[in-house]
Amino acid sequence: MRMKLTLPDKSIRELPEGSSGYDLAKDIGAGLAKAAIALSVDGKQQDLNDAILEDCSVSVITIESQDGLEIMRHTLAAQVLARALKNLYPDSKLAIGPTIDKGFYYDIECSKTISIDDLEKIEKEMHKIVQSKSSITKKLLSKSDALNVFKSLGESYKQEIINDSEQKNDFQLYYQDNDEFVDLCKGPHLPNLSFIGAFKLTKVSGAYWKGNSNNKMLTRIYGTAWNTEKELNEYLHELEEAEKRDHRKLGKEMDLFHFQDEAPGMVFWHSDGWTIYRNLRNFVRLKLQESGYIEVNTPQVIDRKLWEASGHWDKYRENMFITEIDEEHANEKRVNALKPMNCPGHVQIYNQGIKSYKDLPLKYAEFGLCHRYERSGTMHGLMRVRAFTQDDGHIFCTNNQIESETGLFIEFLSNLYSDLGFKEFDIKLSTRPEMRVGSDEVWDKAEAALESAIKNLGYPYRIDEGDGAFYGPKLDFVLTDAIGREWQCGTFQLDFNLAERLDAQYVGEDGNKHYPVMIHRAVLGSFERFIGILIENYAGKLPFWLAPKQVVVASIVSDVNDYADEITSMLKKQGIRAEVDLRNEKIGYKVREHSFKKVPFIFAIGKNEKTDRTVSIRKIGSTDTSSMSLDEGINYICSHNKV
RNA sequence: GCUCAUAUAGCUCAGCGGUAGAGCACUUGCUUGGUAAGUAAGAGGUCACCGGUUCAAGUCCGGUUAUGAGCUCCA
């Protein structure tokens with residue numbers, strides 16, 4: 001019997017029934033047979049030597065393809081790294097070893113703690129294994145046979161995986177030539193280890209078994225792997241470049257902010273950092289005003305009663321900072337919480353006076369400083385802090401206004417991102433989480449409303465099941481930065497619960513009272529985090545309008561100090577953040593120093609400039625200078641000073 | 001919160017049982033120099049904090065706090 005195999009180009013090739021992927025590749029050409037490592041049958045990957053059973057569409061996966069690269073990484077993890085670990089630490093137990101973006105990891109339980117210094121030794125062992133160029137073969141075992149194999153090896157995690165599996169038969173066990181090493185794996189794997197490319201182990205850390213923090217912590221070893229040494233080096237170079245952009249490093253170098261032990265997770269903003277913050281806030285404030293928001297401000301410290309009513313006390317008590325007044329001086333016994341969110345405060349403002357349907361949509365905005373007690377291991381520079389300011393806003397509206405408000409918000413957000421230099425963003429629709437308030441009917445309604453709004457508006461989106469807020473479904477906005485990293489910033493969260501909980505109502509056209517829909521929304525998220533993202537996106541070289549110091553006027557000889565002063569005050573009069581540098585240093589020294597601080601423009605002023613009343617302008621990132629008259633120079637600078 | 005690592009001068013780091021070091025930055029001389037480091041001298045430290053081992057502790061061992069890489073979490 002022969003079977004018909006449809007290739008990706010739609011051509012059909014006939015082979016005897018039971019032929020393998022390798023047979024097919026060989027039939028097509030010797031070159032392909034050499035590069036082939038696995039097979040995709042009707043979209044499902046299988047090992048190259050597995051039999052093809054019936055008519056189907058197939059494509060041969062080669063080592064050069066993206067799929068091939070991932071299979072190589074997988075084999076490297078599950079066969080090479082795992083075997084190396086078993087060789088070096090025989091009493092360790094294997095857990096799992098999947099591929100991840102650009103690499104792989106393997107989790108093991110190990111009585112000896114493995115540290116970063118051990119990676120070299122493990123890598124050496126891996127190279128030894130790769131050099132054997134062993135073939136990889138597999139056996140298919142029944143559930144009980146597979147269990148027995150791993151029982152005899154003492155591999156309890158593998159047994160657990162088998163036990164938890166709904167599968168009855170055909171558990172795949174992979175072996176290498178002349179070795180007792182065996183791993184349970186869904187495959188596929190490389191046919192042999194000669195396909196392994198360039199790799200490097202990168203880090204070691206702990207990870208919970210099955211990702212559950214109640215489970216035992218295992219040792220996780222991370223690595224990266226590529227087909228060639230060149231690609232590996234390019235990737236390592238990219239990592240180094242990303243490290244140079246680290247906002248914590250640049251923040252120190254540029255003197256923007258610091259942290260200290262007495263206030264973990266809370267920013268000490270230095271003058272230049274605070275200037276960035278203020279510029280960003282002014283920019284957002286202006287945009288909000290243009291879009292019909294009204295800015296409000298609500299208290300920092302609020303009685304727990306309000307948090308109980310809003311539901312926060314129940315759900316997030318452990319992440320709230322609580323304050324009590326010193327008993328000796330207190331004449332009232334109150335437990336207060338520092339606000340972790342602005343929404344209950346906004347409802348209090350809404351609740352002053354009676355609202356009519358004619359007042360809706362009512363859009364409150366607040367640059368509200370919130371405190372959340374983040375657990376100690378979660379903080380990260382400006383990106384994850386305990387005190388942060390949101391560009392927060394709450395839209396009180398009717399059901400009928402949800403769609404138009406969704407559209408207006410996305411447009412608003414997309415303009416803001418674009419002005420800040422982020423041209424691309426993705427939208428994620430997150431649905432009801434396990435821990436939530438509100439009835440299922442309300443959730444049905446909220447999810448349907450949001451999905452239909454975004455569908456009707458025609459924006460592409462993907463769904464993230466169970467990632468919604470505890471009070472409602474949400475849209476999240478993920479932007480892509482200059483080096484391709486993704487940051488979730490904007491959010492748009494429907495809430496059919498809070499208005500009712502806090503008794504916010506409006507009088508409808510029918511004269512009856514109704515609960516408005518509340519939409520929690522933010523574009524930047526938190527200023528702290530967003531400034532971190534901006535610093536990394538621009539590698540410190542912020543757009544002119546955001547730069548804390550925009551121009552430094554540097555004198556070359558002290559005879560021209562008066563002229564340098566004059567230029568500086570002219571720039572300042574035009575609203576430019578200019579500084580003068582009259583120090584007794586060479587111009588090269590000054591240029592170097594201000595370049596490190598990422599000042600966008602340096603004016604180098606010498607005798608020629610003073611005599612001719614000109615300026616010599618040096619733009620950051622270029623070694624060219626341009627000379628122009630003083631007036632032209634000032635106009636040139638001012639022309640940069642807009643968003 | 002968990003695992004592992006780290007904490008020495010303003011910054012970046014060396015020192016790892018026996019009198020605390022370097023480069024840069026800082027101060028003061030000299031130097032007026034044309035676009036990414038002129039030059040010399042000086043000052044600067046309870047080696048994160050608390051306890052233990054030792055004749056002797058930045059150095060070894062506990063603990064605490066903070067930071068880093070991950071995990072978990074993120075209204």
Side-chain angles (χ1 to χ4, degrees), chain A residues 105 107 110 113-118 202-222 246 248-249 252-253 255 258-265 307 310-320 339-344 370 372-381 383-386 388 390 433 435-437 467-472 474 488 491 493 495 498 520 525-526 529 554-561 583-596 602-609 616-625 627:
Chain A
Y105 65 78
D107 285 351
C110 189
T113 56
I114 297 173
S115 79
I116 192 100
D117 303 323
D118 297 315
T202 49
K203 53 196 167 197
V204 52
S205 77
Y208 299 110
W209 168 234
K210 291 182 177 168
N212 184 330
S213 57
N214 297 322
N215 288 345
K216 196 174 167 73
M217 176 140 310
L218 308 173
T219 303
R220 175 172 296 178
I221 309 219
Y222 286 91
D246 191 311
R248 294 165 299 184
K249 184 170 142 60
K252 209 175 272 178
E253 284 171 12
D255 191 18
H258 84 271
F259 291 91
Q260 63 186 54
D261 287 12
E262 289 82 353
W307 304 111
S310 70
H312 290 93
W313 193 268
D314 266 4
K315 307 287 167 199
Y316 294 101
R317 164 76 185 77
E318 70 217 27
N319 290 314
M320 287 163 74
K339 68 174 171 186
M341 300 197 79
N342 304 302
C343 35
C370 295
R372 296 180 186 174
Y373 180 78
E374 301 288 357
R375 291 197 295 174
S376 59
T378 57
M379 263 109 61
H380 181 91
M383 302 301 189
R384 184 92 178 258
V385 288
R386 285 182 175 159
F388 56 93
Q390 291 174 301
M435 200 158 98
R436 58 177 184 261
V437 295
D467 202 34
F470 77 90
Y471 45 70
K474 58 176 181 169
Q488 183 173 316
T491 190
Q493 313 178 346
D495 184 347
L498 192 62
H520 310 246
S526 97
R529 179 162 175 271
S555 61
I556 295 169
V557 291
S558 53
D559 289 350
V560 304
N561 284 356
R583 291 175 303 168
N584 179 10
E585 295 291 352
K586 291 195 167 182
I587 190 63
Y589 181 91
K590 294 184 184 182
V591 164
R592 178 181 153 88
E593 194 164 288
H594 300 302
S595 298
F596 273 132
I602 298 168
F603 284 16
I605 304 301
K607 284 183 183 137
N608 300 338
E609 283 76 13
S616 160
I617 302 180
R618 185 187 207 279
K619 192 174 178 179
I620 186 145
S622 101
T623 47
D624 303 337
T625 57
S627 184

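So you know, we letter chains A, B, ... as the sequences are listed, proteins then strands, and number each from 1. Source: prediction; values computed, not measured.
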Closest heavy-atom contact between A:Ile114 and A:Val204? O-CG2, 3.6 Å
Write down the atom of A:Gly265, the atom of A:Val385, and the distance for their closest heavy-atom approach.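 For A:Gly265 versus A:Val385, the nearest heavy atoms are O-CB, 3.1 Å.
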OP1 or OP2 of [N] versus the side-chain N and O atoms of [X]: is any pair under 4.0 Å?
{"X": "A:Lys252", "N": "B:C11", "answer": "no"}
{"X": "A:Ser205", "N": "B:A69", "answer": "no"}
{"X": "A:Tyr589", "N": "B:A25", "answer": "yes"}
{"X": "A:Arg529", "N": "B:C74", "answer": "no"}
{"X": "A:His380", "N": "B:G70", "answer": "no"}
{"X": "A:Arg248", "N": "B:A69", "answer": "yes"}

Stacking between A:Tyr316 and B:A75, defined as ring centres under 5.5 angstrom apart with planes under 30°, is that present or not?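 Ring-base stacking flag set for A:Tyr316 and B:A75.
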Separation between CZ of A:Phe596 and CD1 of A:Ile620, rounded to the nearest 0.5 Å: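 Reported to 0.5 Å precision, the distance equals 10.5 Å.
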Mark yes or no for a side-chain to base donor-acceptor pair under 3.5 Å between [X] and [N], with no hydrogen or angle criteria applied.
{"X": "A:Glu374", "N": "B:G1", "value": "no"}
{"X": "A:Ser558", "N": "B:U32", "value": "yes"}
{"X": "A:Arg384", "N": "B:C74", "value": "yes"}
{"X": "A:Arg592", "N": "B:U35", "value": "no"}
{"X": "A:Tyr208", "N": "B:G1", "value": "yes"}
{"X": "A:Thr378", "N": "B:U72", "value": "no"}
{"X": "A:Arg386", "N": "B:C74", "value": "no"}

Taking atom [atom1] in both [N] and [M], compute the distance separating them and give it to the nearest angstrom.
{"N": "B:A56", "M": "B:G17", "atom1": "C1'", "value": "8 Å"}
{"N": "B:A9", "M": "B:G44", "atom1": "C1'", "value": "6 Å"}
{"N": "B:U19", "M": "B:A25", "atom1": "C1'", "value": "27 Å"}
{"N": "B:C16", "M": "B:U59", "atom1": "P", "value": "13 Å"}
{"N": "B:A7", "M": "B:G45", "atom1": "C1'", "value": "14 Å"}
{"N": "B:G51", "M": "B:A43", "atom1": "P", "value": "33 Å"}
{"N": "B:C49", "M": "B:U35", "atom1": "C1'", "value": "48 Å"}
{"N": "B:A41", "M": "B:U46", "atom1": "C1'", "value": "28 Å"}

What nucleotide, of [options], holds the atom closest to the side chain of [X]?
{"X": "A:Asp261", "options": "B:A66, B:A75, B:C71", "value": "B:A66"}
{"X": "A:Arg618", "options": "B:G70, B:A36, B:A75", "value": "B:A36"}
{"X": "A:Lys474", "options": "B:A75, B:G34, B:U67", "value": "B:A75"}
{"X": "A:Phe470", "options": "B:C26, B:A75, B:C2", "value": "B:A75"}

Look through every strand shown and name the nucleotide pairing with [N] as Watson-Crick or G-U wobble, where both distances are under 3.5 Å.
{"N": "B:A48", "answer": "B:U64"}
{"N": "B:G34", "answer": "none"}
{"N": "B:U39", "answer": "B:G29"}
{"N": "B:C11", "answer": "B:G23"}
{"N": "B:U3", "answer": "B:A69"}
{"N": "B:A56", "answer": "none"}

Pick base, sugar-phosphate or nothing for [X], based on heavy-atom distances below 4.0 Å to the nucleic acid.
{"X": "A:Lys607", "answer": "base"}
{"X": "A:Phe259", "answer": "nothing"}
{"X": "A:Gly211", "answer": "sugar-phosphate"}
{"X": "A:Gln260", "answer": "nothing"}
{"X": "A:Pro264", "answer": "sugar-phosphate"}

Within this structure, what is the [atom1]-to-[atom2] distance between [X] and [N], rounded to whole angstrom?
{"X": "A:Asn215", "N": "B:C2", "atom1": "CG", "atom2": "C1'", "value": "12 Å"}
{"X": "A:Glu585", "N": "B:U27", "atom1": "CD", "atom2": "P", "value": "10 Å"}
{"X": "A:Asp117", "N": "B:A69", "atom1": "CG", "atom2": "P", "value": "18 Å"}
{"X": "A:Asn608", "N": "B:U32", "atom1": "CG", "atom2": "P", "value": "18 Å"}

With nearest nucleotides of RNA chain B determined for A:Ile587 and A:Ser115 from heavy-atom distances, which residue corresponds to the more 5′ nucleotide? A:Ser115
Using heavy atoms to find the nearest nucleotide of RNA chain B for A:Thr625 and A:Thr219 separately, return the residue whose nucleotide is more 5′.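 The answer here is A:Thr219.
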Measure from the side-chain N and O atoms of A:Thr202 to the backbone N and O of A:Tyr222, and report whether any donor-acceptor pair falls under 3.5 Å. yes
Between A:Arg386, A:His380, A:Arg384, which is the residue that forms a side-chain hydrogen bond (donor to acceptor under 3.5 Å, both in side chains) with A:Glu374?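 Checked A:Arg386, A:His380, A:Arg384 against A:Glu374; only one passes side-chain hydrogen bond (donor to acceptor under 3.5 Å, both in side chains): A:Arg384.
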I need the single residue from A:Phe470, A:Trp307, A:Tyr373 that forms a ring pair (Phe, Tyr, Trp, His ring centres under 6.0 Å) with A:Tyr316. Which is it? A:Phe470
With syn defined as a glycosidic angle within 90 degrees of 0 and anti as anything else, the base of B:G29 is anti
